[in-house]
Engineer: 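Here it is, the structure in full.
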Amino acid sequence: MRATLNIPDDLISEAQKATGEKSKTKAITTAIQEFIRQKKMMDLLALRGKVKIDYDWKKEEERELKAQREREKLFERKK
């Protein structure tokens, strides 16, 4: 998408230095992607302590091991 933006030259230069990109477009794209990534991480971290997950990992491990044994039995029968 093309857009005409008024971005200060010093800000573009700083973005190019920070991202290591020579192209203005790539520098801005990289900076925006990084900003979005960090924002998403901060949003997830803000949920810390607010979400309760009741997960029985031992039961899940038992299911996985049982399924693995069943697959092994099927594989043995095909030989």
Side-chain angles (χ1 to χ4, degrees):
M1 172 180 150
R2 288 190 168 267
T4 302
L5 305 169
N6 293 320
I7 302 171
D9 290 336
D10 59 333
L11 191 57
I12 298 242
S13 295
E14 194 171 342
Q16 286 175 302
K17 287 178 189 173
T19 61
E21 299 288 353
K22 295 184 190 244
S23 158
K24 292 176 185 178
T25 299
K26 284 185 179 181
I28 292 170
T29 301
T30 301
I32 290 171
Q33 288 171 337
E34 179 62 18
F35 172 80
I36 292 168
R37 186 184 72 78
Q38 287 182 12
K39 177 73 171 113
K40 287 179 179 180
M41 283 189 340
M42 295 305 291
D43 290 348
L44 284 173
L45 287 172
L47 294 174
R48 178 184 255 167
K50 295 179 182 177
V51 177
K52 183 170 173 29
I53 298 175
D54 186 21
Y55 181 69
D56 186 355
W57 64 269
K58 288 182 181 180
K59 193 172 187 178
E60 186 65 31
E61 185 176 36
E62 289 171 11
R63 276 191 224 139
E64 288 179 23
L65 291 172
K66 182 180 176 185
Q68 177 64 31
R69 287 190 296 270
E70 290 173 7
R71 284 191 297 272
E72 288 172 355
K73 287 179 186 176
L74 288 173
F75 182 72
E76 289 297 321
R77 288 182 197 162
K78 290 183 180 182
K79 283 186 177 182

Engineer: How about E64 and Q68: does a side-chain donor come under 3.5 Å of a side-chain acceptor?
Structural biologist: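 E64 vs Q68: no donor-acceptor pair found between side chains.
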Engineer: Under a 4.5 Å side-chain heavy-atom rule over Ile, Leu, Val, Met, Phe, Trp and Tyr, are M41 and F35 clustered together?
Structural biologist: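 Each belongs to a different hydrophobic cluster.
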Engineer: Passes salt bridge (charged side-chain N to carboxylate O under 4.0 Å, His left out), E62 versus K59? Steps please.
Structural biologist: CA-CA 5 Å; E62 289 171 11; K59 193 172 187 178; over 6 Å; no
Engineer: Name all pairs fulfilling the side-chain hydrogen bond (donor to acceptor under 3.5 Å, both in side chains) condition that reach into residues 6-28, sequence neighbours left out, sorted by first residue then second.
Structural biologist: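 Non-adjacent pairs meeting side-chain hydrogen bond (donor to acceptor under 3.5 Å, both in side chains): zero.
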Engineer: Would you mind reporting whether I28 and I7 have side-chain heavy atoms less than 4.5 Å apart?
Structural biologist: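 A side-chain contact under 4.5 Å exists here.
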Engineer: Examine L5 and I36 and state if one hydrophobic cluster contains both, with Ile, Leu, Val, Met, Phe, Trp and Tyr joined whenever side-chain heavy atoms are less than 4.5 Å apart.
Structural biologist: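 In one cluster: yes.
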Engineer: In terms of hydrophobic clusters joined by side-chain contacts under 4.5 Å, are L47 and M42 together?
Structural biologist: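 No; tracing contacts between hydrophobic side chains, which count when under 4.5 Å, never links both residues.
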Engineer: Taking a hydrophobic cluster as the set of Ile, Leu, Val, Met, Phe, Trp and Tyr residues connected by side-chain heavy atoms closer than 4.5 Å, whether directly or through intermediates, do L65 and F75 fall within one such cluster?
Structural biologist: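 Shared cluster, no.
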Engineer: Starting from the C-alpha separation in whole Å, work towards a yes-or-no answer on salt bridge (charged side-chain N to carboxylate O under 4.0 Å, His left out) for R63 and E60.
Structural biologist: CA-CA 5 Å; R63 276 191 224 139; E60 186 65 31; 3.0 Å; yes
Engineer: Is K73 paired with E76 through a side-chain N to carboxylate O contact shorter than 4.0 Å?
Structural biologist: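 Salt bridge absent between E76 and K73.
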